[in-house]
Protein chains: 2
Amino acid sequence: MKKQLIMEKAIELFAKQGFEATSVQQITEHCGISKGAFYLSFKSKDELIIEIIDHFMIQFTSEIDHLVRSAKDGENLLYNFYYAIFNSFQKHSDFGKILIKEQSRSFNEDFIVKMRYYDRLMDKSILSMVEHLYGDDEVKEIKYDLVFCIKGFMSMYSQLFLFYNVPLDLDLLSKSLVEKTNLLARNSTVPFISKGLIMAFEEPVLEDLTKEQILLRLDQEIEELEESVEKESLVLLKQQLNEPTFGRAIIKGLLENIRNHPQTKWIAYLLGSFFDQK
Amino acid sequence: MKKQLIMEKAIELFAKQGFEATSVQQITEHCGISKGAFYLSFKSKDELIIEIIDHFMIQFTSEIDHLVRSAKDGENLLYNFYYAIFNSFQKHSDFGKILIKEQSRSFNEDFIVKMRYYDRLMDKSILSMVEHLYGDDEVKEIKYDLVFCIKGFMSMYSQLFLFYNVPLDLDLLSKSLVEKTNLLARNSTVPFISKGLIMAFEEPVLEDLTKEQILLRLDQEIEELEESVEKESLVLLKQQLNEPTFGRAIIKGLLENIRNHPQTKWIAYLLGSFFDQK
DNA sequence: TTGACAGATGACTGGTTAGTCAGTATTATA
DNA sequence: TATAATACTGACTAACCAGTCATCTGTCAA
């Protein structure tokens, strides 16, 4: 399968020139394959970028999620969090460049929704880390601001080694940001971002999700899949969508079945947010 | 003159679709003029985006610069700074969107240089504000980090009202960020960004480094250092640069001597890549 | 009414793009 | 070795793009 090769080479080119400025021809030349071969691995250029985003962001977000979930002691968690983030960015700097360059791009609807989804996933992890670190009560008022500040630190300091090839002392950087975060968490008294404001930002995404749209995509997906656990899960989830019968646990389990399969990953997200919503 | 009209309509479209995804045809249709008329006002599509960037950034940076320069009292300065920034972003939200979307774009060399120039201008203003606010000595060590944090706050909180049309309380936002900035300025003890690092970012791209540029910086560094192993190493490396005499091992050792000193870390890197290159 | 001229037009050019498909090469199978 | 299946090729299409230019139009002064 040429998929791996194409993705690797495409990442290099996208990082250097941007997604839109890189043609499929260029990618295939860089791989030493023909243009037709590209379309054997990917349905379109858009599908390629989405698979790239997925490949890295699933790794990235699950690494952070695992870090936060499995943390016992407080102080090290924050350090490990920053270290892991910047370490990942440094290791996959080409992908990092793509992420920053194209993050607010609007060329493809699926792409935007995807990016927003991973952004939310990060927000969730950071928020639960903040609650874990400082106690739910202590930072109740300013925890959303804290999430924003942490993300601000991440994005600003990431740009340092993404756009200037300077070797950085990740240990010092993490320590420095741990101190800053602690300072803000323990001494801030003027919150700006309230729960209500946060909810306002989350609204638009879910708003667009109608049962019909999901059903449409669901049918389409079921059609394309061969017999498998994934397909069974989708069929059951379709039943649940039309007529709620299962409990929370079963739904969660079914979603888990399809979350790691590349073809159903996305529908898992859609269904997940739809069931959450209700 | 149709220039004004074209710029206004183009900003709307660029904000919505991005620069590359918007065609000249679309712009002229949106203006109700012919395609030819566009080229009476602008030599090219690139010239249009550069004029747009200039038009707003000149206003923006000079407003901030004036604010910082003419400030008498400390506390209000920071508040006014944040308020002015967010107020501008809110007033010209379409331009703000373009700025964020295209900031790290690489389609046009002139464009990148322009953006970098205005970025540096902002950095300068913020830095002189920080020095003014907290005293040159008090924050000597962490002032560059502070600049980064302030920019991080700006970019994160700007996205709030750029991408979700939520009416925001600029007064509260500014107060909240003033508190956060003060907390960091007065209590941070672990700097990450050193003078040397900052200078690294201002450096042209590494590949273009000439011997003369390195020598210039080397002299400067030797001047500033007191007698030490580091200084001796630098002097020897300067000799080596002018007239290669030492072997590989000695150079490596000398570089190692200066690699861990904060003030010479950067020059170590520069020299390292220069010697590697040959 | 005439003529001159700046301003405006839109068909056209040369080039690039994503995506297709009839056909070829390679490999597996019998 | 023959056949079938699979992987691959690259010329081709249709659409779109930035930018040009011969032509036209409305508005003046003479």
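To find a chain, count down the sequence lines: A is the first, B the second, and so on, and within it residues start at 1.
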- Task: May I have the distance from A:Phe42 (atom CZ) to C:dT20 (atom P), rounded to whole angstrom?
- Result: 15 Å

- Within this structure, what is the CD1-to-C1' distance between A:Ile33 and C:dT26, rounded to whole angstrom? 16 Å

- Task: Have a look at A:Lys45 and say if it touches a base, only the backbone sugar-phosphate, or nothing, with a 4.0 Å heavy-atom cut-off.
- Result: sugar-phosphate

- Message: If you define the side chain from C-beta out and look only at heavy atoms, does anything of A:Phe81 sit under 4.5 Å from A:Met154?
- Response: yes

- Item | Verdict with reasoning, B:Leu48 to B:Lys43, per side chain to side chain contact (heavy atoms under 4.5 Å, CB included) | CA-CA 8 Å; B:Leu48 167 63; B:Lys43 276 223 297 283; over 6 Å; no

- Message: Is there a side-chain contact between A:Phe148 and B:Leu160 in this structure, where contact means two heavy atoms from C-beta onward sitting under 4.5 Å apart?
- Response: yes

- Taking C-beta and beyond as the side chain, do A:Ile112 and A:Met115 meet within less than 4.5 Å on heavy atoms? no

- Message: So A:Asp119 and A:Lys151, do their side chains get closer than 4.5 Å, heavy atoms only?
- Response: yes

- Could you state the atom-to-atom distance from CD of A:Gln26 to P of C:dT17 in whole Å? 7 Å

- Any B:Lys2 side-chain nitrogen or oxygen under 4.0 Å from OP1 or OP2 of C:dG7: no

Below 3.5 Å, can you tabulate the donor-acceptor pairs from side chains in residues 10-22 of chain A to any protein atom, sequence neighbours excluded?
from, atom 1, to, atom 2, distance (Å)
A:Gln17, OE1, A:Thr22, OG1, 3.0
A:Gln17, OE1, A:Gln26, NE2, 3.2
A:Glu20, OE1, A:Arg105, NH1, 2.6
A:Thr22, OG1, A:Gly18, O, 2.7

- Query: Which residues in residues 16-25 of chain A have at least one heavy atom lying under 4.0 Å from any atom of DNA chain C?
  - Reply: A:Thr22, A:Ser23, A:Val24

- Round to the nearest Å and state the distance from A:Lys43 atom NZ to C:dT20 atom P. 11 Å

- Query: Among A:Phe60, A:Tyr157, A:Phe95, which residue meets the side-chain contact (heavy atoms from CB on, under 4.5 Å) test with A:Phe89?
  - Reply: A:Phe60

- Do B:Gln59 and B:His55 have side-chain heavy atoms sitting under 4.5 Å apart? yes

- Residue pair A:Asp46/B:Leu40 against DNA chain C: nearer the 5' end by closest nucleotide is B:Leu40

- To the nearest angstrom, how far is B:Tyr39 atom OH from C:dA11 atom P? 16 Å

- Item | Separation of C:dG19 P from A:Leu48 CG (nearest whole Å) | 11 Å

- Message: At a heavy-atom distance below 4.0 Å, which nucleotide of DNA chain D is the first touched by chain B, and which is the last?
- Response: D:dC17 to D:dT20

- Message: Please confirm whether the ring centroid of B:Phe38 lies under 6.0 Å from the ring centroid of B:Phe42.
- Response: yes

